[in-house]
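This report concerns only the one structure given below.
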Amino acid sequence: MDMFTYILVFFLIWCLCWWIRDRLKLEKLTDKYIFITGCDTGFGNMAAKAFDKSGFQVFAGCLTEQGAQSLRKETSSRLETILLDITKSDNIENAVNQIKWKVGNAGLWGLINNAGIAGTLCPTDWLRIEHFRRPMEVNLLGPIEVTLKLLPLVKKARGRIVNVSSVLGRLVMGGGGYYPSKYGMEAFNDSLRRDLKSFGIKVACIEPGTFETRLTNCDLHHHERQCIWENLPPDVRKQYGEDYFIQYIRRAKLVKILSSTDLSQVVWCMEHALTAKYPRTRYSAGLDAKLLWIPLTYLPTFVADYLLTTNTIIDAKAV
C-alpha cells in the first residue's frame with residue numbers, strides 16, 4: 001500500500017474510535033439534580049421538559065410566573081420552577097438557597113446557563129450605552145454570578161457546567177451588545193473549563209447557529225430598528241442614506257431563511273454534555289453554524305469583512 005492508503009486507513013480508524021467514544025454514556029444519572037436558566041420559552045423550555053422526561057431532578061429558572069405555570073403543566077411533579085431574573089443578585093441568591101436546601105449533600109450535577117436576549121442589533125453609531133448594557137447583564141454578567149454562587153454545589157457533585165453561547169461569539173455580523181456579550185461568554189467558558197479541570201468538573205460550550213426562537217424574532221427586531229432609524233439625528237441618517245437602511249433590513253431577513261425550527265438540535269447538545277462519559281468541549285448546533293458561520297471564522301479577516309459588508313456599503317462622500 002502507498003502512503004496515501006495508510007493515511008486514509010489511519011483516518012478511518014481514528015473516526016471510528018472517536019464515534020464509539022463519543023457515544024459512551026454515564027450510568028445512574030437520572031436521580032441527579034440539574035438547574036437550567038431561561039426556561040420560559042425556547043431552548044431552555046424544551047430542555048427542561050426533556051431532562052424531566054429522562055428522570056432528572058430539574059430546577060427550571062423562569063423569568064415570569066406565566067412561563068413557570070405553563071412549564072409545570074407539561075412536566076412531572078419532580079420538576080421545580082424558580083422565578084429568576086439573572087440580572088438581580090437577590091434573585092440569584094434566593095434561587096441558590098432553594099437549590100442548596102433541596103440537593104443537600106448530593107450537590108448539583110448540572111448547571112446550564114441558557115438565559116439570554118438579543119437586545120438591539122444595529123450599526124454601532126446608532127446605539128446608546130443602554131443598548132449594550134442590558135445584553136451584557138443578561139448574557140454575561142448574570143450567568144457569571146449564577147455560576148460563581150453555584151460552584152460549591154457543582155464541586156460537591158463533581159458535576160458539569162454547560163454555557164450556551166452562540167456561533168456569533170466567534171463572528172460579528174453587526175453592532176449591538178449581543179456580540180460582545182457572547183464573545184465574553186466564550187472567554188469565561190474557556191477560563192472556567194481550565195480552572196475547574198483539576199476538580200473533575202467538565203465545562204462545555206454550545207454555539208448554536210440561527211434558530212427560530214423569541215430571541216430571533218425578525219418582526220420585533222425590524223420594529224426596533226425602524227424606531228431607532230426614524231429617531232436618528234438627520235446628519236447620521238444622511239451619512240447612511242435610505243438605501244443603506246433598506247439593504248440592512250433585507251440582509252437581516254436573509255438570516256431568517258437560514259434559521260432552523262428544530263430546537264432539539266441544541267437540546268441534544270445539552271443532554272450529551274451532561275450525560276456523555278466524554279463530553280465535548282464545544283458543540284455547534286445547526287447546519288448554518290457548521291457549514292457557513294464557523295468556516296467563515298477561519299477565512300482571512302479581509303475576506304470575512306468583505307462577505308459580511310458587501311451589500312451595505314456607505315457612500316463616503318455623504319460623511
Side-chain angles (χ1 to χ4, degrees), residues 14 17-39 43-44 46-48 50-52 54-61 86 96 99-100 103-116 139-140 142-167 169-170 182-208 264-285 289-290 294:
W14 182 87
C17 292
W18 182 90
W19 184 84
I20 294 172
R21 182 178 184 271
D22 192 56
R23 277 153 181 76
L24 295 177
K25 297 283 187 178
L26 293 172
E27 298 178 355
K28 298 179 181 179
L29 289 178
T30 54
D31 60 340
K32 293 188 178 293
Y33 295 94
I34 64 173
F35 176 47
I36 310 168
T37 64
C39 293
F43 303 139
M46 181 176 284
F51 280 111
D52 175 65
S54 298
F56 282 87
Q57 306 286 329
V58 179
F59 299 103
I86 62 172
V96 171
I99 294 170
K100 187 184 298 184
V103 304
N105 292 326
L108 185 67
W109 171 254
L111 166 60
I112 301 179
N113 285 311
N114 166 75
N139 299 347
L140 180 59
I144 290 176
E145 186 172 0
V146 169
T147 301
L148 293 177
K149 290 185 175 178
L150 284 173
L151 264 181
L153 295 180
V154 178
K155 282 183 176 180
K156 187 175 290 188
R158 291 174 65 87
R160 299 184 175 181
I161 299 172
V162 180
N163 295 309
V164 180
S165 177
S166 169
V167 71
R170 296 192 186 198
K182 291 304 182 180
Y183 267 70
M185 177 55 82
E186 294 276 341
F188 174 66
N189 180 85
D190 285 352
S191 62
L192 189 69
R193 185 183 66 251
R194 290 163 186 153
D195 290 341
L196 297 182
K197 184 177 180 181
S198 59
F199 294 96
I201 297 171
K202 309 283 195 212
V203 180
C205 183
I206 300 176
E207 300 170 331
S264 66
Q265 295 179 66
V266 177
V267 175
W268 180 90
C269 296
M270 296 176 179
E271 290 178 322
H272 189 274
L274 292 191
T275 62
K277 189 173 183 179
Y278 303 103
R280 307 173 194 174
T281 55
R282 274 185 169 78
Y283 296 82
S284 59
K290 295 181 175 71
I294 290 179

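Note that the CD1 atom of I144 and the CG atom of N139 stand 11.0 Å from one another [nearest 0.5 Å]. Between atom CZ of residue R23 and atom NZ of residue K277 there is a gap of 16.0 Å, rounded to the nearest 0.5 Å. Interatomic distance, CD1 of I36 versus CZ of F59, reported as 11.5 Å (0.5 Å rounding). Distance check, rounded to the nearest 0.5 Å: CG of L192 to CD1 of I161 gives 4.5 Å. Here the CG-CE distance, from D190 to M185, works out to 11.5 Å after rounding to the nearest 0.5 Å. Y278 OH to L24 CG: the interatomic distance, rounded to the nearest 0.5 Å, is 6.5 Å.
The only option from L140, T147, I86, V164 that meets the side chain to side chain contact (heavy atoms under 4.5 Å, CB included) definition with N113 turns out to be T147. Checking D52, V58, L111 one by one against I34, the side chain to side chain contact (heavy atoms under 4.5 Å, CB included) holds for a single residue, V58. For the ring-ring contact (aromatic ring centres under 6.0 Å, His included) criterion with F56, the lone passing option out of F51, F35, W109 is F51.
Remark: side-chain polar atoms of S284 are not paired, donor with acceptor, to backbone N or O of K290 under 3.5 angstrom. Between the side chain of R193 and the main chain of A204, no donor-acceptor pair closer than 3.5 Å is present.
Counting all heavy atoms, side chain and backbone alike, A106 lies closest to Y33 at CB-CE1, 4.3 Å. For the pair A289 and A285, the tightest heavy-atom approach, listed with the atom from each and the gap, is CB-O, 3.6 Å. Among all heavy-atom pairs drawn from A48 and C39, the shortest one is CB-SG, 4.2 Å.
No salt bridge links E186 with R170; every basic N to acidic carboxylate O contact stays at or beyond 4.0 Å.
Side-chain contact between K155 and I201 is present, with at least one heavy-atom pair separated by less than 4.5 Å. With a 4.5 Å cut-off on side-chain heavy atoms, L26 and K32 do not count as touching. Residues L108 and V154 have side chains in contact (heavy-atom distance under 4.5 Å, counting atoms from C-beta outward).
Within 6.0 Å of NZ on K197 lie no more than 12 heavy atoms contributed by other residues, nucleotides or ligands. Within a 6.0 Å sphere centred on NZ of K149, heavy atoms belonging to other residues, nucleotides or ligands number more than 12.
Under 3.5 Å, the side chains of N189 and S165 contain no donor-acceptor pair of N or O atoms.
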Counting only pairs under 3.5 Å, give me each side-chain donor-acceptor contact of residues 267-274, with atom names and distances, residues two or more places apart or in other chains.
from	atom 1	to	atom 2	distance (Å)
H272	ND1	Y283	OH	2.7
H272	NE2	D22	O	2.8
H272	NE2	D22	OD1	3.3

### Message
Before you tell me yes or no, could you show the steps for N114 and V266 under side chain to side chain contact (heavy atoms under 4.5 Å, CB included), namely the whole-Å CA-CA distance, both residues' side-chain angles and the distance that decides it to 0.1 Å?
### Response
CA-CA 11 Å; N114 166 75; V266 177; 5.9 Å; no
